[in-house]
Amino acid sequence: MALEKLGKALNNALRKLARSGAADEAVVKEVIRDIQRALIQADVNVRLVLQLTKTIERRALEEKPPAGASKKEHIIQIVYEELTKFLGNEARPLEVKAKPTILLTVGIQGSGKTTSVAKLARHLQKRGYKVGVVCSDTWRPGAYFQLKQLVEPFGIEVFGDPEEKDAVKLAREGVEHFKARGVDVIIVDSAGRHREERGLIEEMRMISEAIKPHEVILVIDGTIGQQAYNQALAFKEATPIGSIIVTKLDGSAKGGGALSAVAATGAPIKFIGVGERIDDIEPFDPKRFVSRLLGMGDIEGLLQKLEELQKGQELKEEDIDKFLKGRFNLKDMYAQLEAMQKMGPLKQVLQMIPGLGYSLPEDAVKVGEEKLKRYRVIMDSMTEEELENPEVINYSRIKRIARGSGTSTREVRELLQQYNQMKRTFKSLDKRKLSKMMKKFNFGGLGI
Ligand SMILES: Nc1nc2c(ncn2[C@@H]2O[C@H](COP(=O)(O)OP(=O)(O)O)[C@@H](O)[C@H]2O)c(=O)[nH]1
Ligand SMILES: [Mg+2]
């Protein structure tokens with residue numbers, strides 16, 4: 001998950017608030033100090049942090065909670081609102097209006113440009129667009145093959161010529177090529193051999209002139225933290241049709257600094273990169289991002305992900321139903337663990353569920369491929385009755401199952417523990433509750 005460390009620290013601050021007796025001035029001030037510390041540790045600019053926390057403090061002390069909300073709930077709402085504003089407030093989705101829509105990506109070498117081009121191409125393809133990718137990187141010999149390797153498994157065509165030395169010519173020819181093919185979106189990956197803003201913007205101007213993109217996308221490496229400000233600002237001033245992808249927000253300690261610095265320039269952040277795999281890209285929506293960051297869960301994100309998987313037919317409708325209802329026995333648990341493996345890291349998925357967030361015990365979600373195989377072996381030694389109604393499994397049955405499957409009683413117990421834990425988890429996920437939570441923010445995870 002993006003900015004995990006910052007998220008944990010903010011979540012802890014809010015938990016402190018939740019646990020406190022009364023949300024008086026001293027408590028508010030302490031929580032604000034924790035928030036400040038968390039943001040500064042994530043490399044958010046100190047001046048911006050002070051501005052932000054001053055607003056939070058003022059609102060928390062002055063405003064009256066709306067009818068029906070407690071003081072604490074209200075403060076959390078304020079923190080959520082101000083952080084959301086801090087990151088740009090509204091989502092600015094990428095629009096595909098013209099046919100073809102031409103996108104040019106720029107960014108300094110190593111920022112994650114080529115990876116992001118591939119991710120974006122796949123993202124758009126998943127949404128039903130026919131996409132063509134142009135490699136106009138004449139600088140790095142491997143660039144063309146890197147792109148091909150990333151997108152060709154998905155049937156996305158790459159235009160390029162490793163022998164050609166003229167980047168502008170390549171870009172122009174690539175765009176012509178895909179125009180003739182009638183694609184919906186053309187994405188041009190540029191060389192980005194420059195290390196500083198001026199050269200980068202010069203390169204952007206030259207290619208832009210040749211291919212007249214509808215949108216230029218600057219790819220910024222999230223690990224540079226608040227230094228992203230200068231790049232984003234120079235870019236924003238150079239082009240009115242610019243948007244930004246911030247990459248490497250997985251595991252970066254400085255990602256918060258990068259995101260907030262870019263947002264501070266007013267340039268729209270459209271996507272974030274959250275890993276090295278092709279699917280590790282997310283449309284950036286400050287509201288959803290902050291709610292997930294604070295550990296409030298992200299129901300919308302979860303449902304969207306489920307929907308996407310359903311489209312890809314990796315998950316069957318009844319699986320999703322089961323997942324949401326939490327009615328299951330051991331067989332279902334196995335099917336679900338399998339299904340959830342397909343959905344990506346289990347923890348990432350579960351973190352989107354309100355009320356779970358960071359409180360989730362590590363072992364509840366760590367079920368690797370190996371463990372699944374062991375579970376299969378153990379379950380093969382169970383009777384139909386035991387699989388359908390695990391509650392009947394007593395100690396003598398555990399011993400028998402362990403012996404039969406060549407495992408140990410410890411392992412059988414572990415499987416049963418996992419089952420009980422998951423059952424509890426999924427029980428809290430019935431549909432009625434979900435839809436209710438979608439309407440109203442859920443603060444359950446914070447124990448309020
Ligand atoms: N962890 C992580 N790595 C990334 C991400 N985006 C790109 N990378 C890695 O960053 C390195 C440089 O990426 P590349 O796309 O070649 O950068 P380019 O020089 O700008 O085209 C590669 O090793 C990528 O796998 C991301 O979102 N998360
Ligand atoms: Mg590249």
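Start at 1 and go down the list; that is how both ligands and their atoms are numbered.
Within the 4.5 Å cutoff, side-chain heavy atoms of Thr138 are placed close to those of Leu170. Looking only at side-chain heavy atoms (C-beta outward), Val246 and Phe271 stay at 4.5 Å or farther from each other. For the pair Leu124 and Val96, the minimum side-chain heavy-atom distance is below 4.5 Å. Contact annotation: the side chain of Gln36 approaches that of Ile32 to within less than 4.5 Å [non-hydrogen atoms, C-beta and beyond]. Between Ile278 and Thr115 the shortest side-chain heavy-atom distance does not fall below 4.5 Å.
The side chain to side chain contact (heavy atoms under 4.5 Å, CB included) test applied to Ala180 returns no partner, not counting sequence neighbours.
Donor-acceptor pairing under 3.5 Å is recorded for the side chains of Gln418 and Tyr375.
Residue-and-atom listing of protein N/O/S atoms under 2.8 Å from the Mg ion (ligand 2), sorted by chain and number: Thr114 OG1.
Between Asp184 and the options Arg127, Lys99, Lys97, Lys130, a salt bridge (charged side-chain N to carboxylate O under 4.0 Å, His left out) holds for only Lys99.
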Ligand 1 polar-atom proximity to protein (N/O, under 3.5 Å):
unit_1, atom_1, unit_2, atom_2, d
ligand 1, 1 (N), Asp250, OD1, 3.4
ligand 1, 1 (N), Asp250, OD2, 2.8
ligand 1, 13 (O), Thr115, OG1, 3.4
ligand 1, 15 (O), Thr114, N, 3.2
ligand 1, 15 (O), Thr115, N, 2.7
ligand 1, 15 (O), Thr115, OG1, 2.5
ligand 1, 16 (O), Gln146, NE2, 3.0
ligand 1, 17 (O), Gly112, N, 3.1
ligand 1, 17 (O), Lys113, N, 3.4
ligand 1, 19 (O), Gly110, N, 2.7
ligand 1, 19 (O), Arg140, NH1, 3.3
ligand 1, 20 (O), Gly110, N, 3.4
ligand 1, 20 (O), Ser111, N, 3.2
ligand 1, 20 (O), Ser111, OG, 3.4
ligand 1, 20 (O), Gly112, N, 3.0
ligand 1, 20 (O), Lys113, N, 2.7
ligand 1, 21 (O), Thr114, N, 2.9
ligand 1, 21 (O), Thr114, OG1, 2.8
ligand 1, 25 (O), Glu276, OE1, 3.2
ligand 1, 27 (O), Lys119, NZ, 3.2
ligand 1, 27 (O), Lys248, N, 3.0
ligand 1, 27 (O), Gly273, O, 3.4
ligand 1, 27 (O), Gly275, N, 3.3
ligand 1, 27 (O), Gly275, O, 3.2
ligand 1, 28 (N), Asp250, OD1, 2.9
ligand 1, 28 (N), Gly275, N, 3.3
ligand 1, 28 (N), Gly275, O, 3.3

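Listed by first and then second residue, the ring-ring contact (aromatic ring centres under 6.0 Å, His included) pairs that reach into residues 137-160 are Phe159-His177, sequence neighbours excluded.
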